[in-house]
Amino acid sequence: MAGPLLPGPLPAWAALYVNVLTFMGTGLLILIPQSIGQAIAQGMLLVALVLALLANPGMVVRPNIFLALLTAMAVLALMVSLHNEFFVGSTYRAGRLVLFVVVLWLLTPWWGRQDLPLLRAHMLCQRVIIASVWLGALLAPGAAFSGSGRLTGVLWPIPPPQVAHYAAVLFGCTVVLWFCGVIAGRGMAITLVAAGAALVATHTRTALLGAVLGLVVAGASLFLGYARVRRTTAVVFLVSLAAWIVLSPLIVSWLARGQSETDLTQLTGRTKVWADIAQQKFTWMQELFGTGLGNKSFGGLPIDSNWVATHLELGRLGVAIVVAFLLVLLLTAVTRPAGPRRAIALFLIAYCVTASFTETGLGDASPYLLDLAVAASLLASPPRQLPPPHVLERAPARGDRTGGHSP
């Protein structure tokens, strides 16, 4: 049996990451027409499937509850989308979700490994994205900060909330690995500075809150076993207190982003959209199963809430599935021994839960599902140490050791 043509999951994971990079408009520095940009991003899903098959030609999968629940959500989305008013678009989105989950299944042989291949691939993709954002800001600072002074991707048009998401996750994972003494040196420092500066430059409150809460949860899981965590917690607390006393006006101004009190109380208009959806009349079938996958908008305005969008598109059943796989990950993390694997998984879970209230993504193919897939891979039990498929040979039958036939 021929061995894999690719040594690991990195190429397939990189293609999946490009697939979930939302292409917003045209490139600000490199002019890419929107249709071509969207075709590149969506076409990378098929590339990811091919690369996953090259890395896992035997299509070996490891059973797990998390992906079983994601599969159930994808099947539900496909079944409901067939009855959507916009049949073609909705069914196309559902089909892409099914394919997305299939690729995740094909990458399960790398779950639970001690060298953390999916986490390393995940962080490498984020480093490349953050580096491209800062390169764009260096080449065209006016365009990079043209959206109300918030850092935006200009080489590939990435909106500030997504830039903040990648920066927050990269920053948090790097800090947790440093807590545990897994990484150190100049590369780590450059990563922390670049990701932290990008997070601040995007002026994205949700990502900042998610990163802080995620680090609190991850740090709490390491607090008793790692002296570095205890020392860092004390230093951060004192520095934060001093910074608030001295710089509180600047901090409040940064958080407010120049918005009025009405904008802040309405979460930048989100609550108005949520109220309109709540007042919409649905049949009991739509209430239970939803209306099918869409573009996460209502009345031409973005929904910007995973729970509201999932309830609209996949109904109460879809919301229950999302709650179920989050609980599965959380309960699994509780049963794992303290260490970097559990701490990073807890960070990713806490971040995704925090961001889910003002961002969409847990009910469709998105960077948030990739974050949770990495968390699930870290919580998986180590695989059995078996020889690679291409070196396995048929065991000789009894009596065949000399080449003769058994009687």
Side-chain angles (χ1 to χ4, degrees), residues 20 22-25 34 73 77 80-81 84-86 89-90 93 145-152 157-165 168 199 202-213 251-323 326 351-369:
V20 297
T22 303
F23 193 89
M24 303 294 293
Q34 184 170 358
M73 185 177 73
V80 176
S81 297
N84 188 275
E85 177 184 1
F86 303 99
S90 184
R93 288 186 174 92
F145 291 93
S146 60
S148 302
R150 305 175 67 185
L151 179 62
T152 304
I158 308 175
Q162 281 199 15
V163 175
H165 173 194
L199 179 59
T202 58
H203 291 263
T204 304
R205 298 177 290 249
T206 299
L208 179 62
L209 178 61
V212 170
L213 292 181
I251 296 174
V252 172
S253 175
W254 183 90
L255 292 172
R257 292 194 324 226
Q259 294 177 328
S260 65
E261 184 177 350
T262 302
D263 289 334
L264 293 174
T265 55
Q266 293 181 351
L267 299 179
T268 321
R270 291 182 176 94
T271 57
K272 296 174 63 177
V273 180
W274 302 345
D276 292 341
I277 295 175
Q279 295 172 0
Q280 183 74 15
K281 299 298 182 181
F282 297 105
T283 65
W284 71 269
M285 288 286 289
Q286 291 174 331
E287 187 70 22
L288 183 60
F289 299 110
T291 60
L293 294 185
N295 60 357
K296 308 297 181 291
S297 67
F298 185 82
L301 297 174
I303 297 176
D304 284 341
S305 170
N306 171 75
W307 305 105
V308 178
T310 302
H311 180 263
L312 176 66
E313 296 181 348
L314 301 178
R316 294 180 183 270
L317 183 56
V319 172
I321 292 175
V322 172
V323 172
L326 288 173
Y351 180 88
C352 290
V353 171
T354 303
S356 68
F357 292 98
T358 57
E359 297 288 339
T360 57
L362 297 184
D364 204 347
S366 69
Y368 293 100
L369 284 189

(request) State, to 0.1 Å, how close His203 and Gly149 come at their nearest heavy-atom pair, and which atoms those are. (result) CD2-O, 4.0 Å
(message) Are the side chains of Arg316 and Phe289 in contact, using a 4.5 Å heavy-atom criterion?
(response) no
(request) Provide the closest heavy-atom pair for Thr358 versus Thr206 in the form atom of the first, atom of the second, distance. (result) OG1-OG1, 2.7 Å
(request) Check whether any side-chain heavy atom of Val163 lies under 4.5 Å from a side-chain heavy atom of Thr152, and answer yes or no. (result) no
(message) If the condition is side chain to side chain donor-acceptor pair (under 3.5 Å), which residues does Thr202 pass it with, not counting sequence neighbours?
(response) Thr204
(message) Do Tyr368 and Glu359 have side chains that approach each other closer than 4.5 Å (heavy atoms only, starting at C-beta)?
(response) yes
(message) With rounding to the nearest 0.5 angstrom, report the OG1 to CG distance, Thr310 to Leu317.
(response) 11.5 Å
(request) Would you indicate whether the side-chain heavy atoms of Leu314 and Val319 approach each other to under 4.5 Å? (result) no
(request) Start with the C-alpha gap between Thr360 and Asp364, add the side-chain angles, then the distance that decides, and say whether side-chain contact (heavy atoms from CB on, under 4.5 Å) holds. (result) CA-CA 8 Å; Thr360 57; Asp364 204 347; over 6 Å; no
(request) Take the angle between the ring planes of Phe357 and Trp307 and call it parallel below 30°, perpendicular above 60°, tilted in between. (result) tilted
(message) Whether Asp304 and Lys296 form a salt bridge (side-chain N of Lys/Arg under 4.0 Å from carboxylate O of Asp/Glu) is what I want to check.
(response) no
(request) State the CG-CG distance between Leu362 and Asn306, to the nearest 0.5 angstrom. (result) 4.0 Å
(message) Within this structure, what is the CD-CD distance for the pair Gln286 and Glu313, rounded to the nearest 0.5 Å?
(response) 12.5 Å
(request) Check whether any side-chain heavy atom of Ser81 sits under 4.5 Å from a side-chain heavy atom of Arg93, and report yes or no. (result) no
(request) Provide the closest heavy-atom pair for Ser366 versus Gly361 in the form atom of the first, atom of the second, distance. (result) OG-O, 2.6 Å
(request) Output the distance between atom CZ (Arg205) and atom CG (Leu208), rounded to the nearest 0.5 Å. (result) 10.5 Å
(message) To the nearest 0.5 Å, what is the distance between CG on Asp276 and CD on Gln279?
(response) 6.0 Å
(message) Could you report the tightest heavy-atom contact between Leu312 and Ser297, atom names first, then the distance?
(response) CD2-O, 4.5 Å
(message) What verdict does the side-chain contact (heavy atoms from CB on, under 4.5 Å) test give for Leu293 and Val80, after you've listed the backbone C-alpha separation in whole Å, the side-chain angles of each residue and the deciding distance to 0.1 Å?
(response) CA-CA 8 Å; Leu293 294 185; Val80 176; over 6 Å; no
(message) Within a 6.0 Å radius of atom CZ on Phe86, are there more than 12 heavy atoms belonging to other residues, nucleotides or ligands?
(response) no
(request) Give, for atom CD1 of Ile277 and atom NZ of Lys272, the distance between the pair rounded to the nearest 0.5 Å. (result) 13.5 Å
(request) Would you check if Leu213 and Tyr351 make a side-chain contact, meaning some heavy-atom pair closer than 4.5 Å? (result) no
